[in-house]
Peer 1: 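Got a structure for you, questions after.
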Amino acid sequence: LAELKVRGVDFILEMYGDVRVAHTDLAAHEFVVLQGSVSHHEALARMRRMDCLLMYHMEREGAQEVVTGKFFDYVAARRPILCVSPREMEGARMVEAGGFGRVADFEDAEDIRAAFLDIFHGSFVLNTAKSTEYSREAQYSKLLPLLN
């Protein structure tokens with residue numbers, strides 16, 4: 001991301017909650033804004049105003065099974081998702097299959113740059129119709145008959 005800033009791509013990365021990164025001082029980057037925790041309602045409202053949402057997972061081991069709860073919030077917000085993770089992560093496959101964003105391998109800087117630029121300056125078009133399938137209402141309509 002720092003490389004994109006050097007190349008003149010203008011963006012701000014807002015991060016919410018208790019953000020801990022072991023090998024990087026995020027505060028050293030002027031494009032990173034660390035926010036505190038906000039309520040779930042406020043988080044959803046802020047997501048809807050963002051240009052893009054970042055979903056990341058930085059480990060290959062066990063990644064196939066990972067579908068973060070944030071995925072569903074992000075889809076409901078109807079904003080493009082930049083998923084930086086192992087490509088074989090289930091959440092990454094869902095992002096690509098649903099047309100919700102772009103996926104980049106977390107160990108490939110060029111892949112991350114290309115995915116970022118495709119969302120912001122490329123041909124990416126968000127599939128908002130598909131997001132309805134992942135809404136709470138749609139999920140409840142599938143689940144409730146099973147409870148009866």
Side-chain angles (χ1 to χ4, degrees), residues 1-5 7-21 24 26-27 29-60 62-109 111-147:
L1 294 176
E3 177 189 326
L4 288 167
K5 266 305 208 190
R7 291 182 181 206
V9 178
D10 190 31
F11 68 94
I12 295 172
L13 175 63
E14 288 186 22
M15 300 186 83
Y16 293 86
D18 184 19
V19 179
R20 296 178 198 173
V21 180
T24 303
L26 293 174
H29 300 285
E30 78 282 352
F31 60 86
V32 177
V33 177
L34 297 175
Q35 305 283 357
S37 295
V38 296
S39 71
H40 188 253
H41 177 76
E42 177 62 20
L44 291 174
R46 290 182 186 201
M47 284 182 216
R48 289 185 192 100
R49 295 190 301 260
M50 298 291 169
D51 294 319
C52 177
L53 303 169
L54 175 64
M55 185 169 91
Y56 60 93
H57 184 79
M58 304 299 177
E59 294 180 21
R60 287 207 187 279
Q64 278 189 305
E65 297 80 25
V66 176
V67 180
T68 174
K70 281 288 176 220
F71 168 80
F72 298 97
D73 289 338
Y74 284 10
V75 170
R78 295 180 181 221
R79 305 305 307 140
I81 299 170
L82 173 60
C83 179
V84 178
S85 70
R87 287 191 164 276
E88 61 274 9
M89 186 175 85
E90 185 60 25
R93 287 194 285 256
M94 292 170 73
V95 167
E96 285 190 329
F100 302 126
R102 290 288 182 251
V103 175
D105 187 285
F106 76 101
E107 294 179 312
D108 186 339
D111 198 22
I112 296 168
R113 185 187 71 75
F116 182 101
L117 292 175
D118 191 38
I119 288 174
F120 285 95
H121 303 295
S123 60
F124 176 75
V125 177
L126 179 67
N127 184 351
T128 56
K130 182 85 171 165
S131 64
T132 308
E133 293 178 28
Y134 290 95
S135 70
R136 289 179 191 258
E137 292 77 18
Q139 296 303 309
Y140 290 153
S141 71
K142 293 175 188 174
L143 181 63
L144 289 177
L146 299 174
L147 297 176

Peer 1: For F124 versus P80, what's the shortest heavy-atom pair and its separation?
Peer 2: CE2-CB, 3.7 Å

Peer 1: Show every salt bridge (Lys or Arg N to Asp or Glu O under 4.0 Å) that has at least one partner inside residues 117-130, sequence neighbours left out.
Peer 2: R102-D118, K130-E133

Peer 1: Under the ring-ring contact (aromatic ring centres under 6.0 Å, His included) rule, collect the residues that match up with F120, sequence neighbours excluded.
Peer 2: F116

Peer 1: So, for M94 and F71, which heavy atoms are closest and what is the spacing to 0.1 Å?
Peer 2: CE-CE2, 3.4 Å

Peer 1: Going by the rule side-chain hydrogen bond (donor to acceptor under 3.5 Å, both in side chains), which residues pair with T128 if we only count those two or more places apart in sequence or in a different chain?
Peer 2: none

Peer 1: Taking all non-hydrogen atoms of both residues, which atom of V103 and which atom of A115 are closest, and how far apart?
Peer 2: O-CB, 4.2 Å

Peer 1: Suppose we screen for salt bridge (Lys or Arg N to Asp or Glu O under 4.0 Å). Which residues come up paired with D51, at least two apart in sequence or across chains?
Peer 2: none

Peer 1: Within a 6.0 Å radius of atom CD1 on I12, are there more than 12 heavy atoms belonging to other residues, nucleotides or ligands?
Peer 2: no

Peer 1: Would you give the length of the straight line joining atom CG of L54 to atom CE of M15, rounded to the nearest 0.5 angstrom?
Peer 2: 6.5 Å

Peer 1: Quick one, I81 and V75 - any side-chain contact, counting heavy atoms below 4.5 Å?
Peer 2: yes

Peer 1: Under the ring-ring contact (aromatic ring centres under 6.0 Å, His included) rule, collect the residues that match up with Y16, sequence neighbours excluded.
Peer 2: none

Peer 1: Taking only residues two or more places apart in sequence or in another chain, which ones pass salt bridge (Lys or Arg N to Asp or Glu O under 4.0 Å) with E107?
Peer 2: R60

Peer 1: What is the distance from atom CG of L4 to atom CG of L13, rounded to the nearest 0.5 Å?
Peer 2: 11.5 Å

Peer 1: Could you state the interatomic distance from CE (M89) to CE (M55), rounded to the nearest 0.5 Å?
Peer 2: 4.0 Å

Peer 1: With R113, which residues qualify under salt bridge (Lys or Arg N to Asp or Glu O under 4.0 Å), at least two apart?
Peer 2: E110

Peer 1: What pair of heavy atoms forms the shortest contact from S85 to A92, and how long is it?
Peer 2: OG-CB, 3.6 Å

Peer 1: Would you say R79's side chain and Y74's backbone share a donor-acceptor pair under 3.5 angstrom?
Peer 2: no

Peer 1: Taking only residues two or more places apart in sequence, or in another chain, which ones meet H121 in a side chain to side chain contact (heavy atoms under 4.5 Å, CB included)?
Peer 2: V9, L117

Peer 1: Among residues at least two apart in sequence or on other chains, which ones pass side-chain hydrogen bond (donor to acceptor under 3.5 Å, both in side chains) with N127?
Peer 2: none

Peer 1: Closest heavy-atom contact between M47 and A77?
Peer 2: CB-CB, 3.7 Å

Peer 1: Evaluate R46 against R49 for side chain to side chain contact (heavy atoms under 4.5 Å, CB included), listing each step before the verdict.
Peer 2: CA-CA 5 Å; R46 290 182 186 201; R49 295 190 301 260; 3.3 Å; yes

Peer 1: Residues in side-chain hydrogen bond (donor to acceptor under 3.5 Å, both in side chains) with R78, at least two apart?
Peer 2: S131, T132

Peer 1: If every non-hydrogen atom of D105 is compared with every non-hydrogen atom of I112, which pair is closest and at what distance?
Peer 2: O-CG1, 3.7 Å

Peer 1: Which residues satisfy the salt bridge (Lys or Arg N to Asp or Glu O under 4.0 Å) test with D111, sequence neighbours excluded?
Peer 2: R87

